[in-house]
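These figures come from a predicted structure and were not determined experimentally. Every chain is numbered from 1, with letters handed out A, B, ... down the list of sequences.
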2 protein chains.
Amino acid sequence: MERPLIEEIHDRIDEFTSTERKAAYALLANYPVQGLDTVANFAKAAGVSSPTILRFVARLGFPGFADFQGRLRKELASQLNTPLARSSELQQVPPDNMDPLVAQMVDNVRETFAHLPKGELEGVIRLLADEKRTIHLIGGRFTDALARYTAAHLRIVRPNVIHVAGQQGNWFDQLLGVGSKDVIVVFDIRRYQTEIIRFAETAAAQGASVVLVTDSWMSPVGRIASFVLPARVAVPSPWDSSTALMAIAEVLIAGVSAANPERSQKRMQALEDLRNGHDPSKGGETMPDGE
Amino acid sequence: MERPLIEEIHDRIDEFTSTERKAAYALLANYPVQGLDTVANFAKAAGVSSPTILRFVARLGFPGFADFQGRLRKELASQLNTPLARSSELQQVPPDNMDPLVAQMVDNVRETFAHLPKGELEGVIRLLADEKRTIHLIGGRFTDALARYTAAHLRIVRPNVIHVAGQQGNWFDQLLGVGSKDVIVVFDIRRYQTEIIRFAETAAAQGASVVLVTDSWMSPVGRIASFVLPARVAVPSPWDSSTALMAIAEVLIAGVSAANPERSQKRMQALEDLRNGHDPSKGGETMPDGE
DNA sequence: ACAATTCTGTAACAAAAAATACAACAGTTA
DNA sequence: TAACTGTTGTATTTTTTGTTACAGAATTGT
């Protein structure tokens, strides 16, 4: 068969108009089930009108919605008919006796970057490297650690980096004065927290750019995000894996450092001096939790 | 959710008339997919007429064909969303034009586990799975995020998990009463922070077991640690990479969950209930088929 | 700031699919 | 064999759904 439609949509995401992209994300978020519903329901789920759905499938090259659904059914049928063949595919990767969990994590990182739209990464890095903008980072129950990690690094290479943490009630205080010069970076995977979604939406409404790092295109934040970086998180374990998310974070950090090497160098040096001057023997200043 | 429709059809196969049975078999042969097509196509595939299909779904208890399809979609969606099912979407892509940074990170993860002494991992997991012990997690400037992440997960599957955070001055308060029944997990990479070292050393002196997750440079903590898990952190960037550390953390988390599945399951369920009881706000609208 | 172009939703329309009515048929019983 | 009961398909109606036309909104370029 031809290559999976989901991959094509993912790779061609840039060709779509903004509302068509909403349709694409809605479909990817619940693939392929969302596409097997009626046009009207699909439209409602995506937050767009019916004609937009039709234009979306037309741009994908289908003469009509029925043909599109036919393709989805065909893919689904062939996928469901070879469940065991597929799952054994997972263990083919390790040449040696590698833990399947580890093998999958390695694969997730590779696959994540193989499918990241190239322009998407560059766009985000350009945004984050712009020091005239203020960066706000926020994450969910587990992914907050990633937001913190990224903030700790970005803070070193550029000014105006804020990690949104602590009491949820206080989050919205931080939205005061947020506007088109601000960037919100959201780490959000399944079990999306409504507070985070509201935070991102409010910020977007005030004109801020939203960058979303998420699992396979599912977060509702995707609708209002300027950039979406989807990562593979599935592993043979009750948990989702954040390893690929961490890899994305590090690529962003490296990219921002490289985007302006002199500035990064200078700031690192200055911080080094400050640290030594303040306290040569003990690392006595505010520590990891210094918010 | 109610029990799967496919089961019900199986059990009630005798209730159907002979042509309805044809419909049932056509559906079972291509399980949910055949039912997501139009009535006419379904009928043709089953070799019966359209009204027979309608009578078949009516006998199953659905008011109309649309409701029947809705049920199929709902089941399908929940089935496809389990992590393991989603992993079948994965497929290998040749590592052609990969960013060197990403390539190195992928390699780091693989190499890290290739060189981890097997018994070491198992020993740590056994230690962390023992709920009679109290786990204290601590990290450095950047790696504190990993300590936090690990703590957030462990806390769910077992009791007595503490993330040592906040003001450094308060750290040592937590050492009161720490003894041979405690485990200290230290995340520490180059630029080892003296405070963390002292913390670990003190705990060890009081009889606690120390687990160290570190880079290959081997933190000074290594001398007093019961277990050392070294990770590859070098990447072509001014920073060290924590991706392999994250991978280690996740393997530990998965291991502890798997070491005592019933306990993990029970605690997760209890937390779920608690969460629902606490937070009745259901944001259910955007994705009709999800949840 | 204006014009041209592209995008997007509302609303009307056409196509299709689902639902129904009904007659023919098969099997069973008297 | 005749009458009854339950089953099935054809033909028709009704409803839903997909599609298209068009006008307003938004965006882009000059």
Taking C/dT10, C/dC7, C/dA18 as options, the one with an atom nearest any side-chain atom of B/Val39 is C/dA18
Using the ring of each side chain (for Trp, its six-membered ring), is A/His153 parallel, tilted or perpendicular to B/Phe142, with breaks at 30° and 60°?
parallel
Protein-nucleotide distance (B/Phe16, atom CZ; D/dT7, atom P), rounded to Å
13 Å
d(CZ, A/Arg59; C1', C/dC7) in whole Å:
10 Å
Given A/Glu111, A/Gln104, A/Arg110, the one that forms side chain to side chain contact (heavy atoms under 4.5 Å, CB included) with A/Arg232
A/Glu111
Phosphate oxygens OP1/OP2 of D/dA26: is one of them under 4.0 Å from a side-chain N or O of A/Ser18?
no
Rounded to the Å, how far apart are B/Phe62 CZ and C/dA19 P?
12 Å
Hey, does the side chain of A/Thr52 come within less than 4.0 Å of C/dG9's phosphate (OP1/OP2), counting only N and O?
yes
When the nearest nucleotide of DNA chain D is assigned to B/Ala66 and to B/Thr17 on a heavy-atom basis, which residue is associated with the more 5' position?
B/Thr17
Give the rounded distance in Å between these two atoms: CD of A/Glu20 and P of C/dG9.
10 Å
Per B/Arg55 side chain, nearest of listed nucleotides D/dT8, C/dC7, C/dT10:
D/dT8
Any idea which heavy atoms bring A/Ala234 and A/Asn108 closest together, and the distance?
O-ND2, 2.9 Å
Ranking C/dA19, C/dC7, D/dG9 by distance to the side chain of B/Phe65, first place goes to C/dA19
How many whole angstroms separate atom CZ of B/Phe56 from atom P of C/dA18?
15 Å
Checking side chain to side chain contact (heavy atoms under 4.5 Å, CB included) against A/His136, which of A/Asp182, A/Leu175, A/Val210 comes through?
A/Asp182
At 4.0 Å (heavy atoms only), tell me whether B/Ser50 reaches a base, stays on the sugar-phosphate, or touches nothing.
nothing
Whole angstrom is fine here: how far is it from CG in B/Leu36 over to C1' in C/dA18?
16 Å
Given D/dT7, C/dT8, C/dA17, identify the nucleotide with an atom nearest to the side chain of B/Thr38.
C/dA17
What nucleotide, of D/dG18, D/dT7, D/dA11, holds the atom closest to the side chain of B/Pro51?
D/dA11
Among the candidates D/dT8, C/dA19, D/dT19, find the nucleotide nearest to the side-chain atoms of A/Leu54.
D/dT19
Go nucleotide by nucleotide along DNA chain D from the 5' end; which of A/Val57 and B/Lys22 gets its closest nucleotide reached first?
B/Lys22
Residues A/Thr150, A/Val185; criterion side chain to side chain contact (heavy atoms under 4.5 Å, CB included); working and verdict
CA-CA 10 Å; A/Thr150 309; A/Val185 180; over 6 Å; no
What is the distance, to the nearest angstrom, from the CG atom on A/Asp67 to the P atom on D/dT17?
18 Å
Verify the contact: side-chain N or O of B/Thr19 to OP1 or OP2 of D/dT7, cut-off strictly under 4.0 Å; return yes or no.
no
How close or far is atom P of D/dT17 from atom CD of A/Gln69, stated in whole angstroms?
11 Å
